[in-house]
Amino acid sequence: MEKSKVLVVGGTGYIGRRMVKASLAQGHPTFVLQRPEIGLDIEKLQMLLSFKAKGATLVEGSFADHKSLVEAVKKVDVVICTMSGVHFRSHNILLQLKLVEAIKEAGNIKRFLPSEFGMDPARMGDALEPGRVTFDEKMIVRKAIEEANIPHTYVSANCFAGYFVPNLCQMTVLTPPKEKVCLYGDGNVKAVFVDEYDIATYTIKTIDDPRTLNKTVYIRPPENILSQRQIVETWEKLTGKKLDKFSISKEDFLASMEGKDFTFQVGVGHFYHIYYEGCLTNFEIGDEGEEAATLYPEVNYKRMDEYLKLYV
Ligand code: NDP
Ligand code: GO6
């Protein structure tokens, strides 16, 4: 069967750009929304043009212009939205409700993948304030999708390696500490880390797969199910240097929210669920979910020692 036509909305974003590349790499006619609002953001425009040079089609459309979204959606079979949900970038998850309206009106879409790509928001009903907003908003979008009977797939991608691995799971930095590392509790809680390009590869593989229709796909590659202590040990092996380790209790970690700005508090909450509660690995993937590495064993996903090599 011929490859479905894909529209990426949010295509110049951190995960969005990788979705565009993976869609092209897997042979899908690939369309990327070009928003007039990018104005003088020359980096975004140049990135869009680089996609065009690689065979993508740019489609003008704005979230401020419903008709333009309907027209853009009518050109394709599958829509993938990678709308920003990160508080120190431009968090705009609820804007997707406009895209849901356009998809509903266009009526031609065979699969819609909303912007999720993290913890499963359906499992985060008890998440701490204020970080719970991330999940509450994603659930509002899911509700709109399901009420409109739009065929969908939700991708729970666990931790983007770039934000969680080279910093040895520390907050507010993206590079490794040189002398000492702070462990969350005993540092033995298992999390899941995935290379961002692999997330895009797996996502594109799901869009034409009947097994993932109206399902949540978890990306949980077995060798990337690791504890913080295992990440630290991997790093120490690569550098041949031991780090001083100290531990922060859950009480002290949560207390570190006091007096900090909203964005920091969101991060603390998210890190707490990941590294103290183990929210990414404390459940079996039942028959209402699928696991990507199992569905697509042909993907040679990047292991985290490989990912870390670049930072040595
Ligand atoms: P970015 O911050 O890179 O933003 C992605 C795109 O959102 C932008 O490129 C832009 O699209 C679009 N956008 C932002 N603001 C607006 C606006 N006002 N109007 C229209 N479009 C807008 O997103 P990320 O890649 O960081 O995050 C994407 C998803 O991944 C989110 O759901 C987030 O929660 C999740 N995530 C998960 C992580 C993990 O570790 N699991 C880590 C980081 C994010 P355009 O290209 O058209 O300009
Ligand atoms: C990533 C981050 C890194 C926050 C998710 C604060 C939604 C998810 C794993 O993207 O707040 O330093 O699941 O100081 O469902 C951010 C968020 C990571 C940035 C988490 C995310 C993960 C969002 C920080 C920091 C490295």
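Numbering of ligands and ligand atoms starts at 1, following listing order.
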Ligand 2 atoms in contact with [X] (distance to a heavy atom under 4.0 Å):
X	answer
Thr172	12 (O), 14 (O), 24 (C), 25 (C), 26 (C)
Phe135	15 (O)
Gly118	5 (C), 8 (C), 13 (O), 15 (O)
Asn167	26 (C)
Val173	26 (C)

Mind checking whether [X] has an N or O less than 3.5 Å away from an N or O of ligand 1?
X	result
Ile38	no
Leu33	no
Asn92	yes
Gly13	yes
Phe117	yes
Tyr163	no

Classify the ring geometry between [X] and [Y] as parallel (under 30°), tilted (30 to 60°) or perpendicular (over 60°).
X	Y	answer
Tyr311	Tyr307	parallel
Phe135	His273	perpendicular
Tyr184	Phe271	perpendicular

So does [X] pair up with [Y], basic N to acidic O under 4.0 Å?
X	Y	value
Lys205	Glu298	yes
Arg35	Glu60	no
Arg211	Asp209	yes

Exercise. May I ask you to check whether Tyr154 and Phe112 place their ring centres under 6.0 Å from each other?
Key: no
Can you pull out the closest protein heavy atom to [atom]? Residue, atom name and distance to 0.1 Å, please.
atom	value
atom 7 (O) of ligand 1	Ser84 N, 3.1 Å
atom 6 (C) of ligand 2	Phe88 CE2, 3.8 Å
atom 26 (O) of ligand 1	Val86 CG2, 3.4 Å

Under 4.0 Å, heavy atoms only, figure out whether ligand 2 is touched by the backbone of [X], its side chain, both or neither.
X	value
Asn158	backbone
Phe117	neither
Gln170	backbone
Met119	both

Heavy-atom nearest neighbour of [atom] within options [options]:
atom	options	value
atom 23 (C) of ligand 2	His270, His91, Arg89	His270
atom 3 (C) of ligand 2	Phe193, Phe271, Phe164	Phe271
atom 8 (C) of ligand 1	Arg89, Lys138, Lys44	Lys44
atom 20 (C) of ligand 1	Arg35, Met119, His91	Arg35

Quick one: look at [X] and ligand 1, take heavy-atom pairs under 4.0 Å, and tell me if it's side chain, backbone, both or neither.
X	answer
Val9	neither
Cys159	backbone
Phe63	side chain

Consider only side-chain N and O atoms of [X] and [Y], and report whether a donor and an acceptor are under 3.5 Å apart.
X	Y	value
Gln96	Lys138	no
Ser4	Asp208	yes
Ser62	Glu37	yes
Thr12	Arg17	no
Asn300	Arg303	yes
Thr212	Thr206	no

Atom [atom1] of [X] with >12 non-hydrogen neighbours under 6.0 angstrom:
X	atom1	result
Lys143	NZ	no
Glu288	CD	yes
Lys302	NZ	yes

Self-check item: Within-shell test, Ala157 vs ligand 1, heavy atom, strictly < 4.0 Å
Solution: no
Quiz item: Measuring from the heavy atoms of Leu48, does anything fall under 4.0 Å of ligand 1?
Solution: no
Quiz prompt | Sub-4.0 Å protein heavy atom near atom 21 (C) of ligand 2 | solution = no
Quiz item: Out of curiosity, is Phe264 lining ligand 2, as in a heavy atom under 4.0 Å away?
Solution: no
